[in-house]
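Structure first, commentary second.
None of the values given here were measured: they were computed from a predicted structure.
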Amino acid sequence: MSASALYDVPGPKAAARHLLYGVLTTVALAAVVGWVVWKLFDTDQFTYQKWMPFEYRGIQELLLRGLGNTLKAFALTAVLALPFGALFAAGRLSDHRVVRWFATLVVEFFRAMPLLVMIFFIFVAMQVQPLWALVAGLTLYNGSVLAEVFRAGVLAVPKGQREAAFALGLRKTQVMAYVLVPQANRAMLPSIISQLVVALKDTSLGFLITYEEFLHAGKLIATNLDYDLPFIPVVMVIAPVYIGMCLLLSWLARWVEQRGRRSPKIKGGAPIAKAGVAMGLPPEAR
C-alpha cells in the first residue's frame, strides 16, 4: 500500500486494529445469516409441501412469462429514457433562454414527482394500458435523472476543450458532437448503467397496476394457492433473480468504467489528426 497526500499508511497497531474490525464484522454478519437460516428452518420454510408448487409446469410458465414481461418493460424504458434524457439535457445546455427554462421545468418536475404517483395517474386518469403506463412513468422519471447525468457529464469536460473547438471555427452542434460528448461518455456511462439498474428494479411497481410482471406472478403464486401460503419460498425464488439481473448490470457498469480509464490505443496516425478528419476540418487546421 503506497502513501499519498490524502492517505497515510497504517502502522502495525492500526493494521491490527483494522484486522480486528474486519474479523468482528465478518463474525457479526455470519451470525445474522446463521440466525436467518435457522429461523427459516424453524418455521418450516423448506418443507416439500411449500416448494411443491414450483414443480408444476403452469407455475413455471407463469414465472417465466412474468420475467419476460419485466424484461420487456425494462427494455422499452431504456430505449425511451435514453433519448428523452439526451434531448432535455441538450435543452438545458441551450443558449436560448426559453428552451433552457422549459427543459429545466420538465426535468425538475418529473424528478420531484413520486414515481408511483406518476404511474397511477397515467394508468387511472389517462386510461393507459398497464404496460405503457408503467413504461411512461419509468421513462419520465429515469429520463429526467439521465438528463442531469448527461448535462453534468458535458459540463465536466474542461472548458479549454470547448474554447479550442470554437477557436477552430466549429459550430456548437459540431463542438457537442465531436468534442464534448465523446469525452464525456467515459464519465457518464457508469452512471447511466447505474440508473438503468434503478429502472430495472422499479419495474416491480407494475404489479400495483395489475401489470403481469415478475413480482406480480410471484404474488399470484403466494396468495392463490392452498399450500399453506408459500410466501417465503416465492420470495426466495424471485429475489435472487432480481439480484442477479441488477448485479449483471452493475458488473457491466464497472467493466465500462475500467475500460474508460484505459488510454486509447493509437492506430493509423496521431489521435489529433484523426480527430481533425472526423470533424471535417481542412488539412491545415488538423
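Taking the side chain to side chain donor-acceptor pair (under 3.5 Å) definition, one finds that D95 meets it with K172, sequence neighbours left out. Checked against ring-ring contact (aromatic ring centres under 6.0 Å, His included), Y21 has no partners two or more places apart in sequence or in another chain. Applying the side-chain contact (heavy atoms from CB on, under 4.5 Å) criterion to V197, with sequence neighbours excluded, gives K201, C246, L249, S250. Taking E61 as the reference, R57 meet the side chain to side chain donor-acceptor pair (under 3.5 Å) condition, with sequence neighbours excluded. Listed by chain and residue number, K72, A73, L76, V135, Y211 satisfy the side-chain contact (heavy atoms from CB on, under 4.5 Å) test with L131 (two or more places apart in sequence, or in another chain). Under the rule for a side-chain contact (heavy atoms from CB on, under 4.5 Å), the partners of V128 that lie at least two apart in sequence or sit in another chain are I122, M126, W132, A133.
Closest approach of M188 and F150 over heavy atoms only: SD-CA, 3.3 Å. R111 approaches S144 most closely through the heavy-atom pair CG-CB, 3.5 Å.
F102 has its side chain within reach of V106: a pair of non-hydrogen atoms, C-beta onward, lies under 4.5 Å apart.
Put simply, the side chain of Q174 gets close to the backbone of R171: a donor and an acceptor are under 3.5 Å apart. W101 places no side-chain N or O within 3.5 Å of a backbone atom of H96 that could act as its donor or acceptor partner. With hydrogens and angles ignored, the 3.5 Å screen pairs a side-chain donor or acceptor of T70 with a backbone N or O of F214. In this structure a side-chain-to-backbone donor-acceptor pair under 3.5 Å is present from R100 to S94. Between the D42 side chain and the W38 main chain, no donor and acceptor come within less than 3.5 Å of each other.
With a 6.0 Å radius and a threshold of 12 heavy atoms from other residues, nucleotides or ligands, E212 has its CD atom at or below the threshold. Counting non-hydrogen atoms of neighbouring residues, nucleotides and ligands closer than 6.0 angstrom, the CZ atom of F121 reaches no more than 12 such neighbours.
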